[in-house]
Amino acid sequence: FFDSFIGNQQPTNMKLSIITFACALLFNSAVEAAETRMLMKNMKKQGKGKKGGKEDDDTEYTTIMAKFSGDYVSGSAYFMQDSSKYTDGWWVVELDEVDMSGLGGCPTGLNWHIHEFTLGDGRTECTDLGGHWDPTYGCAGASQHQASGVCPLLYPDLGGVKSCDPEADITTCEMGDLSGKMGQLSFKTGVMQKFEDVYMTNIDVISSLSIVIHCGAPRVACGNFYAKA
């Protein structure tokens, strides 16, 4: 990209081109930082980021994000967690594009899950990302532990498949079953969809995983999580 940016420049213009390029990179970094601050501000307006019922401006948050894409769906997902509390957090998802002409099996919304593998190292498709991340052995049908045969051993009376019931007991759910715990994503684009996740672990663990968006069972978009400054 850099070579193509300056490749046709005359020597007298080379310095100016390099400066322009550097400024563009700095601007993009500033935009991402501003987006994160805006997300935090929006959460505080809704009562998040408070302790003891009072606003706590000194609360420190850690944020990870994933940009997901596919043939019919693309967008971004953010997870924010109070740096002193590792059992819950808040999700913000924004869909950039939804092509309903290619989505036929999900009339009520999109399912979304954390998956055990990431793109890379030979994994190039959403179908390569394994099962739902399931560190607590929730053992629904798509758990990462179904393929290993662990779930049938743990729950033989249920055929190895448990049901997620967040209203009765959220610990019956896979930790990575985000739609099971908090609900589906709507098809609206350009809108921040916010969810409180009361059943989660340390954000550092999630940062090495991926997110997959489903239309029913088919995987229609995916992306890796990464730390966000």
Side-chain angles (χ1 to χ4, degrees), residues 1-5 24-25 28-29 31-32 35-36 62-80 91-106 109-135 137-151 161 174-182 184-190 193 195 197 200-229:
F1 174 75
F2 181 77
D3 290 340
S4 65
F5 181 79
L25 291 179
N28 288 337
S29 296
V31 168
E32 285 207 354
E35 287 177 348
T36 300
T62 303
T63 306
I64 60 172
M65 73 170 295
K67 291 184 179 294
F68 52 84
S69 61
D71 291 337
Y72 307 108
V73 177
S74 65
S76 302
Y78 300 82
F79 180 65
M80 290 162 281
W91 292 91
V92 177
V93 181
E94 184 171 3
L95 299 178
D96 298 325
E97 181 181 8
V98 176
D99 182 357
M100 295 300 297
S101 67
L103 302 177
C106 47
L110 297 165
N111 293 329
W112 51 311
H113 310 106
I114 301 172
H115 277 243
E116 59 178 321
F117 300 134
T118 56
L119 295 167
D121 295 327
R123 294 184 290 270
T124 60
E125 305 292 336
C126 297
T127 52
D128 298 330
L129 302 184
H132 298 173
W133 174 64
D134 184 18
Y137 296 89
C139 282
S143 166
Q144 67 183 98
H145 303 300
Q146 292 292 350
S148 66
V150 173
C151 290
V161 180
E174 301 161 342
M175 199 169 280
D177 183 3
L178 303 179
S179 47
K181 293 190 297 180
M182 300 173 291
Q184 293 181 311
L185 300 174
S186 79
F187 297 115
K188 294 180 180 179
T189 58
Q193 303 183 47
F195 304 84
D197 193 338
M200 188 44 69
T201 189
N202 192 319
I203 194 171
D204 292 338
V205 177
I206 313 167
S207 64
S208 62
L209 303 170
S210 63
I211 190 169
V212 176
I213 311 299
H214 298 253
C215 176
R219 304 178 182 189
V220 295
C222 58
N224 295 346
F225 286 109
Y226 60 91
K228 184 172 177 60

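Just so it is clear, the values below take in all heavy atoms, side chains as well, and ignore hydrogens, waters and symmetry mates.
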For the residue pair Asp197 and Met200, what are the closest heavy atoms and their distance?
OD2-CE, 3.2 Å
Residue list, ring pair (Phe, Tyr, Trp, His ring centres under 6.0 Å) with Phe79, at least two apart or on another chain
Trp91
Answer yes or no: is there a side-chain heavy-atom contact under 4.5 Å between Leu95 and Ser74?
no
Heavy-atom side-chain proximity of His115 to Leu209 below 4.5 angstrom:
no
Heavy-atom count check: over 12 atoms from other residues, nucleotides or ligands less than 6.0 Å from Tyr72 OH?
no
CG-OG1 distance between Asp121 and Thr118, expressed to the nearest 0.5 angstrom:
6.5 Å
Of all heavy-atom pairs between Ile64 and Ala227, which one has the smallest distance, and what is that distance?
CG2-CA, 4.1 Å
Paired with Asn111, the side-chain hydrogen bond (donor to acceptor under 3.5 Å, both in side chains) test is passed by just one of Gln184, His214, Arg219, namely Gln184
Treating Lys67 as the side-chain partner and Gly75 as the backbone partner, does any N or O pair qualify as donor plus acceptor under 3.5 Å?
no
Can you check whether Asp71 reaches Val220 side chain to side chain, under 4.5 Å on heavy atoms?
no
Side-chain touch Phe68/Cys126, heavy atoms, less than 4.5 angstrom:
no
Do Gln144 and Asp134 have side-chain atoms, one donor and one acceptor, less than 3.5 Å apart?
no
Can the ring centres of Trp112 and Phe195 be said to be less than 6.0 Å apart?
yes
Exactly one candidate in Glu116, Gln146, Glu174 meets side-chain hydrogen bond (donor to acceptor under 3.5 Å, both in side chains) with His132; the answer is Glu174
Does the side chain of Leu185 come within less than 4.5 Å of Ile213's, by heavy atoms?
yes
Backbone N/O of Asp204 and side chain of Ser207: donor-acceptor pair under 3.5 Å:
yes
Is there a side-chain contact between Gln193 and Glu94 in this structure, where contact means two heavy atoms from C-beta onward sitting under 4.5 Å apart?
no
Under 4.5 Å between any side-chain heavy atoms of Thr62 and Met80, yes or no?
no
I'd like to check the side chain to side chain contact (heavy atoms under 4.5 Å, CB included) partners of Ser148; sequence neighbours left out, ordered by chain and number.
His145, Val150
How close do Ala77 and Val93 get, counting heavy atoms only, and between which atoms?
CB-CG2, 4.1 Å
Minimum-distance pair of heavy atoms, taken over all atoms of Gly223 and Ala66
O-CB, 4.2 Å
Could you tell me which non-hydrogen atom of Gly216 sits nearest to which non-hydrogen atom of Cys106, and how far apart they are?
N-CB, 3.6 Å
Does the side-chain contact (heavy atoms from CB on, under 4.5 Å) test come out yes or no for Leu119 and Thr124, once each step is laid out?
CA-CA 6 Å; Leu119 295 167; Thr124 60; 5.7 Å; no
Could you walk me through whether Trp133 and Ser143 pass the side-chain contact (heavy atoms from CB on, under 4.5 Å) test, one step at a time?
CA-CA 7 Å; Trp133 174 64; Ser143 166; over 6 Å; no
Only one of Leu129, Ile211, Asp177 passes side-chain contact (heavy atoms from CB on, under 4.5 Å) with His113; say which it is.
Asp177
Would you call Ile114 and Ile206 a side-chain contact if the rule is heavy atoms closer than 4.5 Å?
yes
Shortest non-hydrogen separation from Ser210 to Asn224 and the atoms involved:
CB-OD1, 3.9 Å
